[in-house]
Amino acid sequence: MVFLTITPSVSHDSSVSASNPAADPTFECARWTRFGHDRLYITAATGEKVGFRDLKSGMDHPDAESDREIVAALADAWLAERGMSLGRADPSSSASAPTEQDVPDTPEGLLTDRPWVDLSLNRPGEAIREVALNKRAEAPVRTTLARLLGVHTDERAWRIGADGEQLVAGQLAKVSSKNPAWTSIHSIPVGANGSDIDHLVLGPGGVFTVNAKHHPGADIWVGGETLMVRGSKTKYIRNARFEAERAGRLLSAVVGEPVTVHGLVVAVNAKSFTVKRPPKPGVTVLYRNQLADWLLRLGPVLDQDKLNRIWAAARRSTTWHRE
C-alpha cells in the first residue's frame, strides 16, 4: 500500500473556495490492487472515506457527489507525480505495475469505500442480551416474580439464549487457544431486518456459522433434516442451511472469490442428545462439548492467505449489509 499526503486545491468543505488553499485539509491516497481491481482510495485526515478512482477505467466514485471534485483533483495529482495518465495507468511506467507490497496480506490490506464497524470487538450474545435487559427494565417487578415462580417469559427466552451463546463462545475460545489459526466473530448483525449470526468461526478447516440452541433439560433428537426439541419439530436445520449459504454469498462478494460456509447447530445443556441420522451435507448438529474437538480434527482446506482475506471481510460491518 502506497500512501501520499497531498494538500489539494479543492477543500473537503464544499463551501470553501478552491482559491483558498490555506483552508484545505490533508488527505491520504492509498492504492489498492487485488482480485483484478486497481483503485486509488482517498481518505481525509479525520479518517473519513472520501471516495476512490478506478485506475483501470479512470472513473471516479466519490462517497458524496459534493466530493467529486476533490476525488478528481487528488487522483490527478497522485497520478501526475508518478508519470501516469489521468485515466488508465500507463503500462510503460514502472510505477503502474502493482507489487505484493501494495496490499499486505493482513486484515488491514482489504479496503472498502464505506465507513465500517469492526465486528471482531463484539461480545458473544451481546445483541440478544441487550434485548433481555430492555425487557427487564420495562417490567422489573414482573420479571423478578416470573423468575422466582419459574414462569417462562420473553425476557427469560432472550436471557437463556444469550447464556447459550456465551457457553458456545467458551468452546470456540478453546479452539483458538489450542490453534491460534482459528478465530471467531460473535453477534454479527446481518441485513436490515434485525437478524444476526451467533458466531462465525474460521480457520484452516473452513468457515462456519454457528447457531447456539440453549434448551436446558430438554431431549434433542436429530434425524436427517429434522431436529426435535421435547418432541416438537423445529426449523433449526433449515435455518442454519440458509444462514450459511447467505454468509457464503456475502463473504464471496467482498473477498472476490467463492467462500464456502458450513452451518453448525450446537445444542447447549440438553438432558439428552441423539443424532439418529445426520443432516445433508452443509449442516452439522453437535452438542456443545463436542464442538472444540470437532473443529480441531478437521483437515486443512484453507491457506493462511485466503484466511486473512476472509477475516478482513468478515470483521467489517459493511460486508453483512449488501442484500
Testing the basics here: between [X] and [Y], what is the closest heavy-atom pair and its distance to 0.1 Å?
X	Y	result
V266	R288	CG1-CA, 3.6 Å
A181	Q304	CB-OE1, 4.5 Å
V265	A240	CG2-CB, 3.6 Å

- Message: With a sphere of 6.0 Å drawn around NZ of K306, does it hold more than 12 non-hydrogen atoms of other residues, nucleotides or ligands?
- Response: yes
Short side-chain to backbone donor-acceptor contact, [X] and [Y], under 3.5 Å:
X	Y	result
R241	P281	yes
S184	V201	no
T234	L227	yes
H321	G191	yes
S252	V259	yes
W320	A314	yes
S176	W182	yes
N122	H186	yes
D54	M59	no
T319	A313	yes

Can you tell me how far [atom2] of [Y] sits from [atom1] of [X], rounded to the nearest 0.5 angstrom?
X	Y	atom1	atom2	result
L172	L291	CG	CG	5.0 Å
L302	N308	CG	CG	11.0 Å
D196	E165	CG	CD	6.5 Å
L264	Q290	CG	CD	11.5 Å
T209	N211	OG1	CG	7.5 Å
W311	R316	CH2	CZ	10.5 Å

- Message: If hydrophobic clusters are built by linking Ile, Leu, Val, Met, Phe, Trp and Tyr wherever their side-chain heavy atoms come under 4.5 Å apart, do V283 and L286 end up in the same one?
- Response: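 No, V283 does not connect to L286 through the hydrophobic network.
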- V175, V210: one ILVMFWY side-chain cluster at the under-4.5 Å cut-off?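 Yes: a chain of side-chain contacts under 4.5 Å links V175 to V210.
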Without hydrogens or angle criteria, can the side chains of [X] and [Y] be said to hold a donor-acceptor pair below 3.5 Å?
X	Y	answer
H214	D163	no
R39	Y41	yes
S272	D219	yes

- Should the pair F273 and Y287 be assigned to parallel (<30°), tilted (30 to 60°) or perpendicular (>60°) ring geometry?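 Tilted, since the angle between the ring planes falls between 30° and 60°.
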- H262 and W294 aromatic ring geometry - parallel, tilted or perpendicular at 30°/60° bounds: tilted
- Is any side-chain heavy atom of V285 closer than 4.5 Å to a side-chain heavy atom of P279? yes
- Query: Quick one: does V190's side chain get under 4.5 Å of I188's, heavy atoms only?
  - Reply: yes
- Message: What verdict does the side chain to side chain contact (heavy atoms under 4.5 Å, CB included) test give for H199 and I185, after you've listed the backbone C-alpha separation in whole Å, the side-chain angles of each residue and the deciding distance to 0.1 Å?
- Response: CA-CA 6 Å; H199 316 274; I185 301 176; over 6 Å; no
